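Remember, predicted model here, so these are calculated numbers, not experimental data. Start at 1 with the first residue, then count along the sequence.
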Amino acid sequence: MRKASLRWLTRSVRPVREPEIGLLVAEAATRLRCGASFEQAWQKTFERTDIADRYKMGVDSAGVPHGLRALQRSSSGTELTFAIPAAVAVCRLSYLTGAPSADVLEACAGGITEVSEAAAARRVALAGPRASARTLALLPLLGLLLGYVLGSNPLAFLLSTNVGRVCLLIGFAFELAGIVWVRHLVKRAEEG
C-alpha cells in the first residue's frame, strides 16, 4: 500500500511532458505486429504514458484513438502540431482502406522521427546566431558604460549636442535594423 501511495505522489509532482508522437506511433505499430488488436495496441501504448490518465481510451468511428484526437485538440508544441495530424490520417487511412496498420504506422513513425530530428537540429544550429544577436544588441549599452568608466559623459554628448543627437538617431536606426534583420533571418531558417 505504501509503495502505491509513493508512486502516486511522485507521479503528481512530475511535470506533464508532451509525448513524443513518433515513439508512440512506432510502439503502437510494434504492438500490432505482436498480435494486439488496433484498439489494444493504442491503449497499451497510452497506458505507458500519462495520456491514459488524462484522456478517454478507445477508438472513434473513423478508427482514430481518442487519445490522439485529444492530443490534437490540445497540441501546442511544434512536434505535436505536425505529427498528430499525420498519425490521425494514418489511423483513418488504415481503418477505411483496410491497409495493414503496422506497416502504415511504421512508415508514419519514420517520417515523424525524421522531421522531429531535423527540427531539433535546426534549433541547435540557430542557438549560436541567436546568442550572437543578443550580444550584439547589448554592445551599445556596453559602449555607454565604457564611456562612463573612462571618465566621459556619453549621454550628455548624445542628448545635448546636435552631432550627438544625429549619432544617437543613426545608432538607434542601425540597432533596430540589425535586430529586425536577425529576427527575419532566424524566422526564415526556422521555417526551413
Side-chain angles (χ1 to χ4, degrees), residues 7-8 10-131 133-134 179-192:
R7 188 178 308 135
W8 174 82
T10 57
R11 191 174 218 183
S12 65
V13 171
R14 266 186 291 167
V16 176
R17 276 190 33 208
E18 301 262 335
E20 295 184 32
I21 300 301
L23 292 177
L24 290 178
V25 173
E27 184 176 334
T30 302
R31 290 182 189 281
L32 285 167
R33 288 206 185 282
C34 292
S37 71
F38 190 80
E39 189 170 340
Q40 289 172 335
W42 279 104
Q43 184 169 351
K44 290 289 184 189
T45 299
F46 288 148
E47 284 174 0
R48 191 183 55 75
T49 66
D50 66 338
I51 295 171
D53 297 339
R54 291 188 288 167
Y55 304 116
K56 176 178 136 184
M57 289 294 93
V59 178
D60 66 13
S61 62
V64 179
H66 292 296
L68 274 181
R69 289 275 191 211
L71 282 173
Q72 186 176 24
R73 285 189 296 272
S74 67
S75 66
S76 60
T78 54
E79 180 190 358
L80 293 179
T81 303
F82 75 84
I84 292 177
V88 166
V90 163
C91 290
R92 288 188 71 211
L93 174 74
S94 62
Y95 177 78
L96 295 173
T97 63
S101 299
D103 295 338
V104 178
L105 285 173
E106 280 180 354
C108 177
I112 290 171
T113 302
E114 285 178 16
V115 173
S116 295
E117 288 172 355
R122 224 177 359 260
R123 281 191 302 273
V124 168
L126 290 173
R130 281 191 177 124
R134 285 187 201 111
I179 290 170
V180 169
W181 181 249
V182 168
R183 283 187 181 170
H184 172 73
L185 291 177
V186 168
K187 184 178 178 182
R188 285 198 50 183
E190 283 176 339
E191 291 171 356

Hey, could you give me the [atom1]/[atom2] distance between [X] and [Y], rounded to the nearest 0.5 Å?
| X | Y | atom1 | atom2 | answer |
| --- | --- | --- | --- | --- |
| Leu24 | Leu105 | CG | CG | 11.0 Å |
| Cys108 | Asp103 | SG | CG | 13.0 Å |
| Glu20 | Ile112 | CD | CD1 | 11.5 Å |

Do [X] and [Y] come within less than 4.5 Å of each other through their side chains, counting heavy atoms only?
| X | Y | result |
| --- | --- | --- |
| Val64 | Tyr95 | no |
| Asp60 | His66 | yes |
| Val59 | Phe38 | yes |

Report all side-chain donor-acceptor pairs from residues 83-93 shorter than 3.5 Å, counting only partners two or more places apart or in another chain.
none

Shortest non-hydrogen separation from [X] to [Y] and the atoms involved:
| X | Y | value |
| --- | --- | --- |
| Ala189 | Arg122 | O-CD, 2.7 Å |
| Leu68 | Trp42 | CD1-CH2, 3.8 Å |
| Ala109 | Gly22 | CB-O, 3.5 Å |

Check side chain to side chain donor-acceptor pair (under 3.5 Å) between Gln40 and all other residues, then give those that pass, not counting sequence neighbours.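 Listed in chain order: Ser37.
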
Glu27: partners by salt bridge (charged side-chain N to carboxylate O under 4.0 Å, His left out), with sequence neighbours left out: Arg31, Arg48

Might you work through the side chain to side chain contact (heavy atoms under 4.5 Å, CB included) test for Trp181 and Val186, ending with a clear yes or no? CA-CA 9 Å; Trp181 181 249; Val186 168; over 6 Å; no

